[in-house]
Amino acid sequence: WEGDKLMDDVADMFRRLQPGVGRKLFEQALDQGIGSLTDAPAELVALFQQLDRVPDWIDRQQVERGALVAANISSAGKAAVIFLNTILTVQGGQVGGVVGATGRMQRDVLQRARESAAFWKELPKTGGLSRFGDAFKTIVRVRLMHSQARTMLVRKWGDEWIAEYGNPIPNSGLASGVPAFGIANLMYDTAFGRQYSRQNLEDIHMFWTYIGYVLGADEKILARTPEDGMKILNFALSIAPPPSQYADELNRVSNLLLDVTGTHVDFSGFRGNVGLFAVSLAYGLFVSAVGGGIGVWLARRQAAESVAP
């Protein structure tokens, strides 16, 4: 039921000021620092106090090493995480409901794909997550986009809907996204034969944990260890809601994109409880990648001598 109060307040500030003024102030603070603004709005000051602060439990050397691990995941491993998260976007009730309700993916899937590709390209670059790095700034802009979508949908759906179903793009969802894109990616890659050390596992977890922090996940619920991260992801996938009313639309436009790459996956026709098949598939593949238990996998990785190049 919680969103991202700091950025949600900034999104509300945009509406209070003259058109374009709030975004201009935001971009200046992002590019030049909050100190470059004269009489900065309180909402921006609060936001950049959080962004400029690196929690003392975040190890920046580990973040940089984690970026290298992420950059060197095999093509098969990267394809697996993209495929599985596409399933959850199209057929997952929480993400699919938000993406479908905003309508942007349906209006211009190719432009959204280009923006996503640029985002993923920037993330693992050396120094990209430094305060004024390109990846850092891209993440903060994505965070703003999330808040703008969240506040729009809260107004559209109303308090009663929110009270029953929860906040669009909830903070807990941001926290569970950390292992979904981090630790789980190594597990998928391991299923294809790659081997990683315990240090690799901890480094990519730290890398994505810091991304989650910049993206607005409350540090109180961010997993501090890979083991806790997997527990969070395991729980999140096990309670994934059924497909939203936008599932067919999102399936259609995602297939337009997949057709460009010569691939086609059709989930149309799944309805009601049967629609849970796609989410169950993603969860089943995740469990398969875990290899019979989180503890077993972690013990095996800790004992592995091979390190990814």
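Given the structure is predicted, the values throughout are model-derived calculations rather than measurements. Quick note: numbers below take in every heavy atom, side chains included, and nothing from hydrogens, waters or symmetry partners.
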Given side chains that start at C-beta, do those of Gln199 and Ile204 come closer than 4.5 Å, heavy atoms only? no
Between Arg194 and Ile73, is there a donor-acceptor pair closer than 3.5 Å when you use the side chain of the first and the backbone of the second? no
Which is it for Glu219 and Trp57 under the side chain to side chain contact (heavy atoms under 4.5 Å, CB included) test, yes or no, and what are the steps along the way? CA-CA 10 Å; Glu219 62 179 300; Trp57 54 272; 3.0 Å; yes
For Asp189 and Ala76, indicate whether the former's side chain and the latter's backbone hold a donor-acceptor pair under 3.5 Å. no
Distance (rounded to the nearest 0.5 Å) between Leu174 CG and Leu222 CG: 9.0 Å
Return yes if some donor-acceptor pair links the side-chain N/O of His146 with the main-chain N/O of Met7 below 3.5 Å, else return no. no
How long is the straight-line distance from CG of Leu25 back to CZ of Phe14, given to the nearest 0.5 Å? 8.0 Å
Shortest non-hydrogen contact from Ala217 toward Ala175: CB-N, 4.2 Å
In terms of hydrophobic clustering (I, L, V, M, F, W, Y; side-chain heavy atoms under 4.5 Å; direct or indirect links), are Leu37 and Leu17 co-clustered? yes
Could you grab the distance from atom CD1 of Ile34 to atom CD of Gln28, nearest 0.5 Å is fine? 9.0 Å
Does any N or O in the side chain of Asn185 come within less than 3.5 Å of the main-chain N or O of Gly77, such that one atom is a donor and the other an acceptor? yes
Within the distance-only criterion (no hydrogens, no angle test), does the side chain of Asp8 pair as donor or acceptor with the backbone N or O of Asp4 below 3.5 angstrom? yes
Please find the pair of heavy atoms, one from Ile232 and one from Ile221, that lie closest to each other, and give the distance. CD1-O, 3.9 Å
Test: Arg23 and Glu27 ion pair at under 4.0 Å: yes
Which pairs with one or both residues in residues 33-47 pass salt bridge (Lys or Arg N to Asp or Glu O under 4.0 Å), sequence neighbours excluded? Arg16-Glu43
Kindly indicate whether the side chain of Met13, heavy atoms from C-beta on, has any atom under 4.5 Å from the side chain of Leu44. yes
Run the side chain to side chain contact (heavy atoms under 4.5 Å, CB included) test on Ile169 and Leu153 for me, step by step, so that the C-alpha distance in whole Å, both residues' side-chain angles and the decisive distance to 0.1 Å come before the verdict. CA-CA 10 Å; Ile169 319 179; Leu153 292 175; 5.9 Å; no
Looking only at heavy atoms, which two atoms of Leu51 and Phe136 are closest? And how far apart? O-CZ, 3.8 Å
Here the pair of heavy atoms bringing Leu129 nearest to Phe207 is CD1-CE1, 3.5 Å
Enumerate the residue pairs fulfilling salt bridge (Lys or Arg N to Asp or Glu O under 4.0 Å) with a member in residues 127-137, sequence neighbours excluded, ordered by first and then second residue. Asp31-Lys137, Asp52-Arg131
Lys125 and Glu64: salt bridge (Lys or Arg N to Asp or Glu O under 4.0 Å), yes or no, with the steps? CA-CA 9 Å; Lys125 287 185 176 179; Glu64 292 294 334; over 6 Å; no
Within one Ile-Leu-Val-Met-Phe-Trp-Tyr cluster: Val45 and Leu30, side-chain cutoff 4.5 Å: yes
Check for a donor-acceptor pair, side chain of Asn72 on one end and backbone N or O of Val69 on the other, with a separation under 3.5 Å. no
With a 4.5 Å cut-off on side-chain heavy-atom distances among I, L, V, M, F, W and Y, is there a chain of contacts connecting Leu47 to Val21? yes
Which atom of Phe48 lies closest to which atom of Ala29, heavy atoms considered: CE1-CB, 3.5 Å
Starting from the C-alpha separation in whole Å, work towards a yes-or-no answer on side chain to side chain contact (heavy atoms under 4.5 Å, CB included) for Val10 and Gln148. CA-CA 9 Å; Val10 170; Gln148 290 173 321; over 6 Å; no
Grab the two heavy atoms, one from Ala70 and one from Lys78, that are nearest each other, plus how far apart they are. O-CE, 3.6 Å
If we only count heavy atoms from C-beta on, is the Phe132 to Gln32 side-chain gap below 4.5 Å? no
Hey, does the side chain of Asn167 reach the backbone of Glu2 with a donor-acceptor pair shorter than 3.5 angstrom? no
Would you say that more than 12 heavy atoms from the other residues, nucleotides or ligands in this model lie under 6.0 Å from the NZ of Lys5, or not? no
Do the side-chain N and O atoms of Gln62 and Asp203 include a donor-acceptor pair separated by under 3.5 angstrom? yes
Between the side chains of Arg53 and Tyr213, does any donor sit under 3.5 Å from an acceptor? yes
Calculate, to the nearest 0.5 Å, the distance between atoms CH2 and CE belonging to Trp157 and Met152 respectively. 8.0 Å
I'd like to know if the side chain of Ser147 pairs up with that of Arg150 as donor and acceptor (distance under 3.5 Å, no hydrogens or angles considered). yes
CE/Met206 to OG1/Thr225 distance, rounded to the nearest 0.5 angstrom? 10.0 Å
Is the closest basic N to carboxylate O distance between Glu202 and Arg65 below 4.0 Å? no
Under the side-chain hydrogen bond (donor to acceptor under 3.5 Å, both in side chains) test, which residues partner Ser130, sequence neighbours left out? none
How many angstroms lie between CG in Leu233 and CD1 in Ile183, if you round to the nearest 0.5 Å? 8.0 Å
